[in-house]
Amino acid sequence: MRFAFLIFKVFPYGGVQRDMLRIANNLAQAGHEITILTGEWRGDTPTHASIKHQILPTCGWLNHQRHQYLIRAMLSEVKNGQFDYVVGFNRMANLDAYFAADPCYVAKAQAAHGSWYRSMPRYRFFAQTENAVFGANSKTQILLLTKSDQAVFQAYYHTSDARFHLLPPHVPTEKFAGLDAQTCRQYLRDAFALPMDAKVILTVGSAYDRKGVDRAIQGLASLTASLRDNTWLIAVGEHESSSEFKADAKKLGVLNRCLEVGGRADVAKLMLGADVLAHPARAELAGIVIIEALVAQLPVIVTAVCGYASHIQAANAGAVLPEPYNQADFNYALQQLLTQDNATFKNSARHYVQTLTQSGSEATEASLLIEWASSKQVG
């Protein structure tokens with residue numbers, strides 16, 4: 001069967017992009033063909049012969065205008081491509097299935113903005129694309145990462161229960177296979193010219209404000225002087241052009257201890273070599289980086305808004321910060337995790353990952369898509 005995957009952009013360390021490529025590989029290994037339609041591709045391209053990608057043009061001054069143009073180009077390619085099944089990783093009309101990696105846009109917009117915002121073209125566009133997926137009249141099947149978000153979508157769109165399909169978290173043990181923690185610890189410090197006894201706070205994510213990188217910088221600045229003088233923050237991810245990373249670090253007097261390193265292919269090594277993963281996100285539907293940190297046995301500080309934060313709590317593998325967010329809570333947790341023996345956290349993470357691996361399926365999404373595509377052909 002021939003699958004079309006629609007995604008606005010692909011970049012090296014985006015969580016949705018990694019999931020998309022993993023699902024594509026699973027489908028290809030099962031003997032199917034996949035064409036990825038996107039407006040931008042950064043980083044390595046797929047190596048499997050059955051996975052192709054096509055970069056389509058975008059046009060427009062504003063973000064939503066560019067997305068409108070790209071969606072029209074995608075749907076035109078789908079119409080001419082004779083695909084058996086169409087899977088979206090961004091919201092748009094005419095999808096057979098949607099991978100729900102983002103929170104409810106309408107709920108977030110209504111909570112953050114006044115009625116004036118809902119009269120703007122940007123709001124109307126994104127609300128319409130969300131309704132095209134979740135609306136009661138849509139037939140799109142929804143691959144859901146966390147159960148809690150189903151209720152939010154249903155409150156606004158009255159989506160039927162039958163269209164939601166909860167996925168177990170993918171446990172990427174293969175990314176860390178064959179890597180030694182002590183070797184990676186030295187690798188990280190050599191890569192960034194840090195002393196071998198340096199403490200390292202790691203952030204991973206390509207949205208500076210949403211992932212709460214500014215909160216991590218504040219946490220670094222709050223450390224006791226003796227600890228701060230031997231601690232560095234390494235931020236992995238392609239932040240927005242408007243990112244205040246350097247300005248925030250300079251204002252707090254820690255610019256020389258904050259490294260913005262962009263998207264990287266060696267994140268597994270960095271996780272094994274770091275001391276703490278800081279993920280104080282303001283919004284995060286799931287957060288695969290949290291599961292990756294568990295596999296790496298890297299203690300995590302995470303906000304309760306993250307869908308996968310419950311796994312850190314269940315594993316006793318770090319600190320889950322309650323809402324509403326309080327910077328003092330983060331500062332305290334960071335100081336504690338950087339100064340105490342983390343052997344207990346590491347052991348807890350290892351045992352928990354074993355449980356997740358035994359209960360989950362590495363190809364759940366691909367299996368569902370094949371089943372649905374087969375049913376569509378029969379129908």
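Predicted model, so just to flag it, every value in this text is computed and none were measured. These values consider heavy atoms only, across backbone and side chains, with no hydrogens, waters or symmetry-generated copies.
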Sequence neighbours excluded - side-chain hydrogen bond (donor to acceptor under 3.5 Å, both in side chains) pairs with any residue from residues 334-345
Thr224-Gln335
Do Ile288 and Arg18 come within less than 4.5 Å of each other through their side chains, counting heavy atoms only?
yes
Between the side chain of Thr38 and the main-chain N/O of Ile55, is any donor-acceptor distance below 3.5 Å?
no
Gap between atom CG of Leu167 and atom CG of Leu145 - 0.5 Å precision:
6.0 Å
ring-ring contact (aromatic ring centres under 6.0 Å, His included) partners for Phe126, two or more places apart
His67, Tyr105
Of the non-hydrogen atoms in Arg2 and Gln82, which two are nearest, and what is the gap between them?
NH1-O, 3.3 Å
Take a 6.0 Å sphere around NZ of Lys346 and say whether it holds more than 12 heavy atoms from other residues, nucleotides or ligands.
yes
Between His279 and Cys306, which heavy-atom pair has the shortest distance, and what is it?
CD2-SG, 3.8 Å
Any donor-acceptor pair under 3.5 Å linking the side-chain atoms of Arg350 with those of Asn347?
yes
Can you name the closest pair of heavy atoms from Phe11 and Lys9 and give their distance?
CE2-CE, 3.7 Å
Compare all side-chain heavy atoms of Glu365 with those of Leu368 and state whether any distance is below 4.5 angstrom.
no
Heavy-atom distance under 4.5 Å between the side chains of Leu270 and Val204, does that happen here?
no
Main chain of Ile36, side chain of His53: is a donor-acceptor contact present, judged purely on distance under 3.5 Å?
no
Donor-acceptor contact present, side-chain Arg257 to main-chain Asp229, <3.5 Å:
yes
At what distance, to the nearest 0.5 angstrom, does OG1 of Thr129 lie from CD of Gln68?
9.5 Å
For Thr58 and Arg66, indicate whether the former's side chain and the latter's backbone hold a donor-acceptor pair under 3.5 Å.
no
Within this structure, what is the CG-CD distance for the pair Leu277 and Glu292, rounded to the nearest 0.5 Å?
9.5 Å
Taking all non-hydrogen atoms of both residues, which atom of Ala93 and which atom of Ala132 are closest, and how far apart?
CA-CB, 3.7 Å
Kindly compute the distance separating CG (Leu56) from CD1 (Ile71), expressed to the nearest 0.5 Å.
12.0 Å
Would you check if Leu338 and Ile201 make a side-chain contact, meaning some heavy-atom pair closer than 4.5 Å?
yes
Would you indicate whether the side-chain heavy atoms of Ser115 and Arg118 approach each other to under 4.5 Å?
yes
Under the side-chain hydrogen bond (donor to acceptor under 3.5 Å, both in side chains) definition, can you give me all pairs with a residue in residues 178-194, not counting sequence neighbours?
Asp180-Thr183, Arg185-Asp275, Tyr187-Asp266, Arg189-Asp275
Check whether Leu321 and Leu298 end up in the same hydrophobic cluster, where Ile, Leu, Val, Met, Phe, Trp and Tyr are linked by side-chain heavy atoms less than 4.5 Å apart.
no
Listed once per pair and sorted, the salt bridge (Lys or Arg N to Asp or Glu O under 4.0 Å) pairs that draw on residues 76-86, sequence neighbours left out:
none
Distance-only criterion, 3.5 Å: show the donor-acceptor pairs between side-chain atoms of residues 248-256 and protein atoms not counting sequence neighbours.
from	atom 1	to	atom 2	distance (Å)
Asp248	OD2	Tyr208	OH	2.6

List the atom pairs, donor and acceptor, that lie under 3.5 Å between side-chain atoms in residues 94-103 and the rest of the protein, sequence neighbours left out.
from	atom 1	to	atom 2	distance (Å)
Asp96	OD1	Lys376	NZ	3.1
Asp96	OD2	Val86	N	2.8
Asp96	OD2	Lys376	NZ	3.0
Tyr98	OH	Arg91	NE	2.9

Give a yes or no answer on whether the side chain of Asn230 reaches the backbone of Ser226 with a donor-acceptor pair at less than 3.5 Å.
no
Quick one: do Lys52 and Glu33 make a salt bridge, cutoff under 4.0 Å?
no
All pairs passing side-chain hydrogen bond (donor to acceptor under 3.5 Å, both in side chains) where residues 139-157 contributes a residue, at least two apart:
Glu130-Tyr157, Ser138-Thr140, Gln141-His165, Thr146-Asp149, Lys147-Gln150, Gln150-Asp161, Gln154-Asp161
All pairs passing side-chain hydrogen bond (donor to acceptor under 3.5 Å, both in side chains) where residues 298-322 contributes a residue, at least two apart:
His311-Tyr352
By the rule that ILVMFWY residues connect when side-chain heavy atoms come within less than 4.5 angstrom, directly or transitively, which residues belong alongside Met196?
none
Excluding sequence neighbours, so at least two apart, what forms ring-ring contact (aromatic ring centres under 6.0 Å, His included) with Phe176?
none
Side-chain (Ser76) to main-chain (Arg72) donor-acceptor, under 3.5 angstrom
no
Rounded to the nearest 0.5 Å, what separation is found between the OG atom of Ser243 and the CD atom of Glu260?
5.0 Å
For Pro169 and Leu356, work out which heavy atoms get closest and say how close.
CG-CD2, 4.2 Å
So CZ of Phe83 and CD1 of Ile34: to nearest 0.5 Å the spacing works out to 10.5 Å
Take Arg215 and Asp329 through the salt bridge (charged side-chain N to carboxylate O under 4.0 Å, His left out) test and state the conclusion after the steps.
CA-CA 11 Å; Arg215 294 171 169 179; Asp329 292 339; over 6 Å; no
Under a 3.5 Å distance rule, please check whether Asn131 uses its side chain to pair with a backbone N or O of Ala127 as donor and acceptor.
no
Note: Gly219 and Phe330 closest approach over all heavy atoms is CA-CE2, 3.7 Å
Are any side-chain N or O atoms of Arg282 and backbone N or O atoms of Asp209, one a donor and one an acceptor, separated by less than 3.5 Å?
yes
Partner residues of Asn326 under the side-chain hydrogen bond (donor to acceptor under 3.5 Å, both in side chains) criterion, sequence neighbours left out:
none
Set of residues satisfying ring-ring contact (aromatic ring centres under 6.0 Å, His included) with respect to Tyr117, sequence neighbours excluded:
His113, Tyr123
